[in-house]
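First the structure, in the form of structure tokens, and then the observations on it.
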Protein chains: 2
Amino acid sequence: MVGIDDVARRAGVSTATVSRALSGRGHVAAATRERVEEAAAELGYVVSASASSLATGRMRNIGVVVPFLNRWFYTSVLEGAQRRLMQYGYDLTLYNLSGSSNERSTVFEQFLLRQRVDAVIAVSLELSAEEVDSLHALGKPLVGVGGPIRGVPTVSIDDVGVTRLATEHLLSLGHTVIGHIGGDVDAEMSFHMPTNRRLGWEDALRDAGVEPRPELYFPAVFTMESGYVAAKQMLGDPRLRPTAVVVASDEMAIGVILAARDMGLDVPRDLSVVGIDDHELASFFGLTTVAQFPEQQGERAVELLMRELEQSRDDEPSNLQLPFELVVRSSTSRPRPDRESRG
Amino acid sequence: MVGIDDVARRAGVSTATVSRALSGRGHVAAATRERVEEAAAELGYVVSASASSLATGRMRNIGVVVPFLNRWFYTSVLEGAQRRLMQYGYDLTLYNLSGSSNERSTVFEQFLLRQRVDAVIAVSLELSAEEVDSLHALGKPLVGVGGPIRGVPTVSIDDVGVTRLATEHLLSLGHTVIGHIGGDVDAEMSFHMPTNRRLGWEDALRDAGVEPRPELYFPAVFTMESGYVAAKQMLGDPRLRPTAVVVASDEMAIGVILAARDMGLDVPRDLSVVGIDDHELASFFGLTTVAQFPEQQGERAVELLMRELEQSRDDEPSNLQLPFELVVRSSTSRPRPDRESRG
DNA sequence: CAGGCCGACGCAAGCGCTTCCAATCGCCGC
DNA sequence: GCGGCGATTGGAAGCGCTTGCGTCGGCCTG
């Protein structure tokens with residue numbers, strides 16, 4: 001294994017100079033730097049990560065904790081974070097909590113607290129105060145993506161805003177009987193998000209002078225199947241007869257479209273559907289949706305972290321609200337005037 | 001930061017003994033070990049990964065390279081690998097190649113070759129000889145998941161076998177005009193897999209005395225939309241009239257089901273569809289499929305690696321073929337006797 | 001022309017572990 | 001009862017890098 005001394009010898013300088021030349025820290029004459037770089041290249045030298053880490057105390061490695069892997073949102077965040085980290089020369093080590101429940105404590109106690117990462121990004125996780133504190137006690141910056149974590153800088157979208165926008169779209173088309181299929185507070189790890197999305201639906205309705213009817217809200221988990229089941233219930237109840245529905249995720253919304261189809265309803269003629277996400281399947285199903293950009297969220301999270309790690313922590317932990325936007329496709333339209341003829 | 005000396009002092013032993021007690025290597029009296037463990041626990045001591053790595057030369061960290069993140073197969077493999085690695089006390093650092101094309105060389109040259117990982121798992125990647133060699137030159141074991149890599153132990157499924165099984169299922173139901181929608185060789189990073197799956201379809205047909213018709217094969221990429229488009233072509237051609245179709249992935253197969261539905265065909269009455277994967281959406285769509293178990297593949301890959309890393313390399317690099325099985329749901333049935341009435 | 005300053009570079013002290021080697025000690029077999 | 005062996009423990013030498021401190025000149029002011 002070629003080490004720094006080999007390079008030093010070949011370039012005719014001290015190891016100190018090699019280190020400075022290669023890392024760009026400290027003053028090195030241009031000619032010297034060039035000679036060192038050449039020598040390093042010729043020998044195929046790469047610094048030993050562990051030796052470097054031991055000396056500097058920095059691992060150049062960020063831990064990313066996700067609650068699941070098999071979900072579009074998380075993998076997209078991961079993708080964005082990974083790309084940006086790589087640009088900074090950092091590694092991303094992945095911790096997935098979707099296994100057994102005690103995996104969570106293992107991750108925290110055995111892995112994150114071991115000195116393997118310089119910082120952690122928690123995606124859609126509500127961390128306990130102890131978890132946050134123990135990380136901070138080790139001087140490890142922490143940023144959240146998704147649900148806000150108290151005392152931790154977070155990048156997220158305005159969850160109230162997205163469903164509000166979706167609902168306003170339907171209102172503007174003339175709908176007034178608008179249902180909502182959203183996350184089940186109890187079933188989710190990130191319990192604020194479903195609540196906020198429901199609030200956006202309610203707020204928009206109220207602002208339009210329509211009192212939201214609780215019986216038009218149906219809880220579900222964030223899967224296509226669950227959206228399908230919820231839609232069957234909603235659409236099967238003759239007392240409800242919504243002309244449109246705001247769904248808290250695209251996957252659920254696709255389930256809703258499928259359910260409507262199976263019940264002989266035409267989307268959007270008999271039922272307008274709008275989702276949240278702009279999932280990769282949304283365009284295939286012609287789903288109108290409010291796009292969010294999880295990859296961007298991952299990138300921003302990394303940038304926040306880098307600012308904390310590399311520079312002085314001049315500014316207080318700032319939460320970032322990322323943009324979202326309405327994407328109109330073919331699952332929404334004006335309600336049919338003769339909707340009473342349905343069913 | 002509490003270090004090994006703090007523990008040593010508190011336990012009244014030398015640092016050497018602390019190291020031995022905590023790592024389980026070497027002989028330590030039971031009583032001493034206990035005292036050390038207590039002291040460590042009380043102080044909240046955790047070894048410094050970098051110091052330990054520097055001394056031992058092992059990072060306890062495995063690099064996993066995937067071509068994409070947003071696909072069921074990869075995330076499932078990842079999930080399995082991660083879970084098993086964690087049990088071994090290893091970290092998983094993730095490298096995703098789905099960015100720009102030069103990301104690939106960056107990953108290899110800048111990251112994998114830097115001393116940050118003890119070994120790498122390549123998922124569905126055809127590595128070049130140089131890539132393999134440079135890794136081996138650094139003494140880093142390498143195992144593949146998915147497509148076979150020459151000279152590298154690989155865990156995979158029998159890609160010929162899966163479509164063969166799917167096709168045999170259809171044959172046994174009485175189908176004879178069986179189409180195939182498979183991967184486009186040119187579009188995939190892992191070009192063996194689509195070819196093998198096509199071969200399985202052909203082999204099964206021939207074995208049943210049916211000559212496979214090339215015009216019944218339609219290439220596609222592995223997405224729902226692409227499956228949908230291919231199915232529309234296949235089903236729209238009046239000269240073909242397949243009664244069943246073997247599709248190389250569940251996502252594509254779901255696209256096929258949707259296409260058939262949109263064309264007014266009933267699945268399975270007018271068209272039987274069988275996929276490959278047992279994707280999480282398969283049961284929702286009632287898709288008959290050949291299940292593979294990517295999480296298990298990830299786990300096995302880790303086990304292979306551990307055997308190379310921890311024990312002596314007694315046995316030669318063995319390739320592992322993992323099981324698969326037919327899952328019959330409601331997308332397949334006997335062909336209708338009066339199929340001529342269709343269209 | 002002299003004092004200072006600063007850029008360029010080398011020396012060497014760690015960073016916090018692991019592990020080889022040596023020292024000690026209790027116990028077994030003869 | 002004694003030599004020896006293995007179990008147990010400590011001492012100390014690294015592992016390969018980074019960086020504070022110091023030295024040495026050359027160049028800029030005054």
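Proteins get letters first, then strands, A, B, ... in listed order; numbering begins at 1 in each. Computed from a prediction, not measured in an experiment: that's the story for all the values here.
- Checked options A:I4, A:V36, A:V46, A:T17; the residue passing with A:L22 is A:V36 (criterion: side-chain contact (heavy atoms from CB on, under 4.5 Å)).
- Between B:W72 and B:P294 there is a side-chain heavy-atom pair separated by less than 4.5 Å.
- The side chain to side chain donor-acceptor pair (under 3.5 Å) check on B:D91 picks up A:Y95, A:R116, with sequence neighbours excluded.
- No side-chain donor-acceptor contact under 3.5 Å links B:D5 and B:T15.
- Inter-axis angle, ends of the helix from C:dC1-D:dG30 to C:dC30-D:dG1, five pairs per end, rounded to 10 degrees: 30°.
- Note on residues 29-52 of chain B: pairs passing salt bridge (Lys or Arg N to Asp or Glu O under 4.0 Å), not counting sequence neighbours, are B:R10-B:E42.
- Not counting sequence neighbours, A:E79 has no partner by the salt bridge (Lys or Arg N to Asp or Glu O under 4.0 Å) test.
- Side-chain contact between A:V64 and A:V123 is present, with heavy atoms from C-beta onward closer than 4.5 Å.
- Rounded to the nearest 0.5 Å, atoms CG (B:L97) and CG (B:L125) are 5.5 Å apart.
- Residues A:T154 and A:L320 form no side-chain contact, since every pair of their non-hydrogen atoms from C-beta on lies 4.5 Å or further apart.
- Contact check of residues 27-38 of chain B against DNA chain C (heavy atom, cut-off under 4.0 Å) returns no residues at all.
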Nucleotide-resolved protein contact map, nucleotides 10-21 of chain C, B/S/- at heavy-atom distance under 4.0 Å: BB--BBBBSBB-
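- Side-chain contact between B:L304 and B:R307 is present, with heavy atoms from C-beta onward closer than 4.5 Å.
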